[in-house]
Amino acid sequence: MTRIPFKHVNDNPLDFEVKRENAVFSGNLALKKRNLVQLNGTITGSISIPCDLCAEIVEKELNEEVHFYLSDGIVHGNSDELDLVEVENSSIDMDELFASELELIKSDYFCCSSCEGSSLEREF
Ligand SMILES: [Zn+2]
């Protein structure tokens with residue numbers, strides 16, 4: 001089950017786990033206030049990612065803590081301070097959330113173990 005109806009989340013933390021290639025996204029969802037759900041999760045496993053220096057595809061180990069809020073519609077109040085994702089159709093698409101988290105990780109600077117160290121000598 002990768003789609004969770006917003007209404008199914010209450011203040012009792014709801015566990016989830018989604019997999020994508022070799023990566024696993026697990027954690028829980030809990031209702032903080034009306035229309036606002038907090039997600040606390042961890043991304044583990046690995047992804048295939050090209051090195052930014054030599055372009056070789058390597059497996060990068062993942063161990064990322066992920067915390068953000070999900071809203072069903074617009075949340076009033078001090079939502080500017082929150083890392084907030086608005087869900088569509090009143091359901092939380094865990095697969096899509098995971099995919100965008102992985103995209104974020106992939107967009108970060110990354111260099112493979114054989115380029116590591118040599119990058120320090122490069123002039124940018
Ligand atoms: Zn490399």
Looking at every heavy atom in both [X] and [Y], which two are closest together, and how far apart are they?
{"X": "Cys51", "Y": "Cys115", "value": "SG-SG, 3.7 Å"}
{"X": "Leu84", "Y": "Ser71", "value": "CD1-CB, 4.0 Å"}
{"X": "Gly73", "Y": "Glu86", "value": "O-CG, 3.7 Å"}
{"X": "Ile49", "Y": "Lys106", "value": "CD1-CA, 3.7 Å"}

Let me confirm one number: the [atom1]-[atom2] distance from [X] to [Y], rounded to the nearest 0.5 Å.
{"X": "Glu61", "Y": "Asn22", "atom1": "CD", "atom2": "CG", "answer": "9.5 Å"}
{"X": "Phe110", "Y": "Glu116", "atom1": "CZ", "atom2": "CD", "answer": "8.0 Å"}
{"X": "Leu29", "Y": "Asn12", "atom1": "CG", "atom2": "CG", "answer": "12.0 Å"}

For [X], enumerate each residue passing the side-chain hydrogen bond (donor to acceptor under 3.5 Å, both in side chains) test, keeping only those at least two apart in sequence or located in another chain.
{"X": "Ser26", "answer": "none"}
{"X": "Ser90", "answer": "Asp72"}
{"X": "His8", "answer": "none"}
{"X": "Asp93", "answer": "Arg3"}

Would Leu14 and Val37 count as a side chain to side chain contact (heavy atoms under 4.5 Å, CB included) if you check the C-alpha gap in whole Å, the side-chain angles of each, and the deciding distance to 0.1 Å? CA-CA 11 Å; Leu14 178 71; Val37 161; over 6 Å; no
Heavy-atom side-chain contact between Leu39 and Val85 under 4.5 Å: no
Working for side chain to side chain contact (heavy atoms under 4.5 Å, CB included), residues Leu97 and Leu70: CA-CA 10 Å; Leu97 284 175; Leu70 297 158; 3.9 Å; yes
When you measure from the side chain of Asn89 to the backbone N and O of Ser91, does any donor-acceptor pair fall under 3.5 Å? no
Verify the cluster assignment for Val24 and Ile105: are they in a single hydrophobic cluster under the rule of side-chain heavy atoms below 4.5 Å apart? no
same_hphob_cluster(Ile43, Ile4) at 4.5 Å side-chain heavy-atom cutoff: yes
If you count every heavy atom of other residues, nucleotides or ligands that lies below 6.0 Å from Glu96 atom CD, does the total exceed 12? no
Ring pair (Phe, Tyr, Trp, His ring centres under 6.0 Å) pairs, two or more places apart, involving residues 14-46: Phe16-Phe25, Phe25-Phe98
Would you mind listing every ring pair (Phe, Tyr, Trp, His ring centres under 6.0 Å) that reaches into residues 39-69, with sequence neighbours excluded? none
Residue list, salt bridge (Lys or Arg N to Asp or Glu O under 4.0 Å) with Lys19, at least two apart or on another chain: Glu17
What residue pairs, at least two apart or across chains, pass salt bridge (Lys or Arg N to Asp or Glu O under 4.0 Å) with a residue in residues 44-60? none
Going by the rule side-chain contact (heavy atoms from CB on, under 4.5 Å), which residues pair with Glu21 if we only count those two or more places apart in sequence or in a different chain? none
Taken in chain and number order and not counting sequence neighbours, the residues that satisfy side-chain contact (heavy atoms from CB on, under 4.5 Å) with Asn63 are Thr42, Thr44
